[in-house]
Asker: 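Got a structure for you, written out below as structure tokens; questions coming shortly.
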Amino acid sequence: MSWTYIEDLHRHEGESVTLKGWLYNKRDSKGLFFLILRDGTGLCQCVVNEEQVAPEAWAAAGAATQESALEVDGVVVRDERQVGGYEVQATAVRLLSPADDYPITPKEHGIEFLMNHRHLWLRSRRPWALMRLRNRVVMAIHHFFQERGFLQLDAPILTGNAVEGTTTLFALDYFGEPAYLTQSGQLYGEAMAMAFGRIYTFGPTFRAEKSKTRRHLTEFWMIEPEMAFYDLDMNMDLAEDFIVHIVQDVLQHAREELAVLGRDLAPLERVRKPFPRLTYSEAVDLLRSDATRQMLDERMEALRQEQAALEHERAENRAAYDRAKKWKKRQIDAREIEINQRLEEIEEMLRNLPQWQESARTFTWGDDFGGSDETVLTWHFDRPIIVHRYPAAVKAFYMKRDPEDDRLALGMDVLAPEGYGEIIGGGERATDLAFLEAQVREHGLPREAFEWYFDLRRYGSVPHSGFGLGLERTLTWLAGIKHLRETIPFPRMLGRLTP
RNA sequence: UCCUCGGUAGCUCAACGGUAGAGCAUGCGGCUGUUAACCGCAGGGUUGCAGGUUCGAAUCCUGCCCGGGGAGCCA
């Protein structure tokens, strides 16, 4: 028996259809049930009128609880008031499978509870938007590279060697040999670029970093293009086109998802070429400048004003509480929770900002940027920025040195706006065999593991470049959310292996 | 590893030394167009664990466990 998906209802106005899905929410009145059905493609209100359906259908509607599986037959009616713009006047309701005491009620929940129920949480509205956004971005990435003639070829997940040391790798036993889960497809990408010209890898990456922050997962997805005969400038041009393409695609095709997430579209609409490009040294100067100090002062002042306004509102609400009607009390309670949460955020920011200001002011040339430094830098601009030519000491061993200044490596990072920080890291690779051999030695890496990599320089070494885009970090920025753990179906992070 | 905040009903929170409460969820009743529907009634608790201080501890102290945020590291 065929059925109709909710996202296709606009093609069936006035027709009789069958919907299959789960009960998202239910309201009732005398002689009426309003069933909000969820089928993965959207939500649709199904109206069941006692006078217009058989007694079995009325009973099924009554018995259906949240997340019960249902089939509903009915007529599609245009109704601007509804989610999706349509509703279905039910002619029959069949309860396929009941659900008792579904744990995620239509109410706010804490993150620990939700993460423990991630397998069910995925059914909710916000994960719906985020997972669909993820799918959209994955498709946009493939389109971008496929249209330009790149081959998608994957690097191995199990590796015997570490790209940049073994401290942050997950170690495994590979039939008695030590092995690791990959932390980057980088070196393999270079081999494939020498074979096919332009390639990109798209796969999971593993880092055993003990980081508990909103920017880290132990398992995340990375897209790594690698191009023969590309220098640093061409690499930055590509990264810029790539980001613009993704943002434009999302703005065109994920409007509803962004709306569900409450994303302010204006910052995304400003993402156009060219992105400001700063050398590392220019970025350091900007960090240490009066302009940065002043900008942070202004931010702190704005936060203090918001804090005072919220405290005032809370006091007024409390004063009015005793005289308030019941529904008003409920509203005040809800608002109080909102206010308290925002006040906590503000307090944390007010604790952090002076430290960030100090870190920026005293930043010394040669250090790598901390998370706060990146955030502060991006606050100066209205679109992503590219920082390039870092001190060689803070970058990977395979980076090419700047011919103009040997202290510098031809690396580049793309920093997302609105304080989201690094979403791309990459650069031009070293081509000279002797230089790489020396680098491996100086970094204390096992030479044997890199013999095959050295072959790439022995047989037709050419300039080449590439970069890695963190999928979840990019999604976090696009969605405008606070934690990247919501951008992957089942996040893996410190202390979280299930579900 | 370090710093910081937290753990109270199934869920989200309040009570901050003196009889553990509210909303949501659940059950029953009411209402023919609801939008987190609403109104009424009901059940629901070793206040994370173990000790200590006190006439009295959810509240104060010590240790442990679990979680949030941050530093380091990084996409």
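Predicted model, so just to flag it, every value in this text is computed and none were measured. Residue numbers begin at 1 in each chain, while the letters A, B, ... track the order of the sequences.
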Asker: What's the closest nucleotide to the side chain of A:L484 if the choices are B:rA75, B:rU35, B:rC31?
Answerer: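 Nucleotide nearest to A:L484's side chain: B:rA75.
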Asker: With a 4.0 Å cut-off on heavy atoms, is A:H117 in touch with a base, just the backbone sugar-phosphate, or nothing at all?
Answerer: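 Nothing, no heavy atom under 4.0 Å.
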Asker: Check the pair A:W121 / A:F113 against ring-ring contact (aromatic ring centres under 6.0 Å, His included), numbers first and verdict last.
Answerer: CA-CA 10 Å; A:W121 186 23; A:F113 178 82; 9.7 Å; no
Asker: Heavy atoms under 4.0 Å, any strand shown: does A:I423 hit a base, just sugar-phosphate, or nothing?
Answerer: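 Sugar-phosphate only.
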Asker: Please determine, for the side chain of A:R207, which listed nucleotide (B:rA75, B:rU35, B:rU26) has the closest atom?
Answerer: B:rA75
Asker: Taking the side chain of A:K210 as heavy atoms from C-beta outward, which of B:rG33, B:rG72, B:rG68 is closest to it?
Answerer: B:rG72
Asker: Can A:F220 be said to stack with the base of B:rA75, given centres closer than 5.5 angstrom and planes under 30 degrees apart?
Answerer: yes
Asker: From the list B:rA75, B:rC31, B:rU34, which nucleotide is the closest neighbour of the side chain of A:F34?
Answerer: B:rU34
Asker: Checking contacts here: which listed nucleotide (B:rU34, B:rC66, B:rG72) is nearest the side-chain heavy atoms of A:T213?
Answerer: B:rG72
Asker: Quote, to the nearest angstrom, the P distance that separates B:rG40 from B:rU53.
Answerer: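 It works out to 47 Å between them.
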Asker: Heavy atoms from C-beta onward define the side chain here; which of B:rU32, B:rA36, B:rG69 lies closest to that of A:N25?
Answerer: B:rA36
Asker: So A:E224, base contact, sugar-phosphate only, or nothing? Heavy-atom distance under 4.0 Å.
Answerer: nothing
Asker: What's the closest nucleotide to the side chain of A:F113 if the choices are B:rC74, B:rA75, B:rC11?
Answerer: B:rC11
Asker: Pick the P atom in B:rG48 and in B:rU12, then give their distance to the nearest Å.
Answerer: 14 Å
Asker: I'd like to know if A:E472 pairs up with A:R485 as an ion pair, taking the criterion as any Lys NZ or Arg NE/NH1/NH2 lying under 4.0 Å from an Asp or Glu carboxylate oxygen.
Answerer: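 Salt bridge flag = no for A:R485 with A:E472.
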Asker: With Watson-Crick and G-U wobble geometry limited to distances under 3.5 Å, how should the secondary structure of RNA chain B be encoded in dot-bracket form, using | for bases paired to another strand and [ ] for crossing pairs?
Answerer: (((((((..((((....[..)))).(((((.......))))).....(((((..]....))))))))))))....
Asker: Looking across every strand, which nucleic acid part, if any, lies under 4.0 Å from A:H216 by heavy atom: base, sugar-phosphate, or nothing?
Answerer: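 Touches a base.
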Asker: Please name the pair of heavy atoms, one in A:F220 and one in A:R207, separated by the smallest distance, quoted to 0.1 Å.
Answerer: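 Answer, listing the atom of A:F220 first, then A:R207: CE2-CG, 3.6 Å.
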Asker: B:rA15 and B:rG7: how far apart are their C1' atoms, nearest whole angstrom?
Answerer: 16 Å
Asker: Looking at every strand, decide which applies to A:R215 at a 4.0 Å heavy-atom threshold: base, sugar-phosphate, or nothing.
Answerer: base
Asker: Should A:K395 and A:D413 count as an ion pair when the cut-off is N to O under 4.0 Å?
Answerer: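 Here A:K395 pairs with A:D413 in a salt bridge, since their nearest N and O are under 4.0 Å apart.
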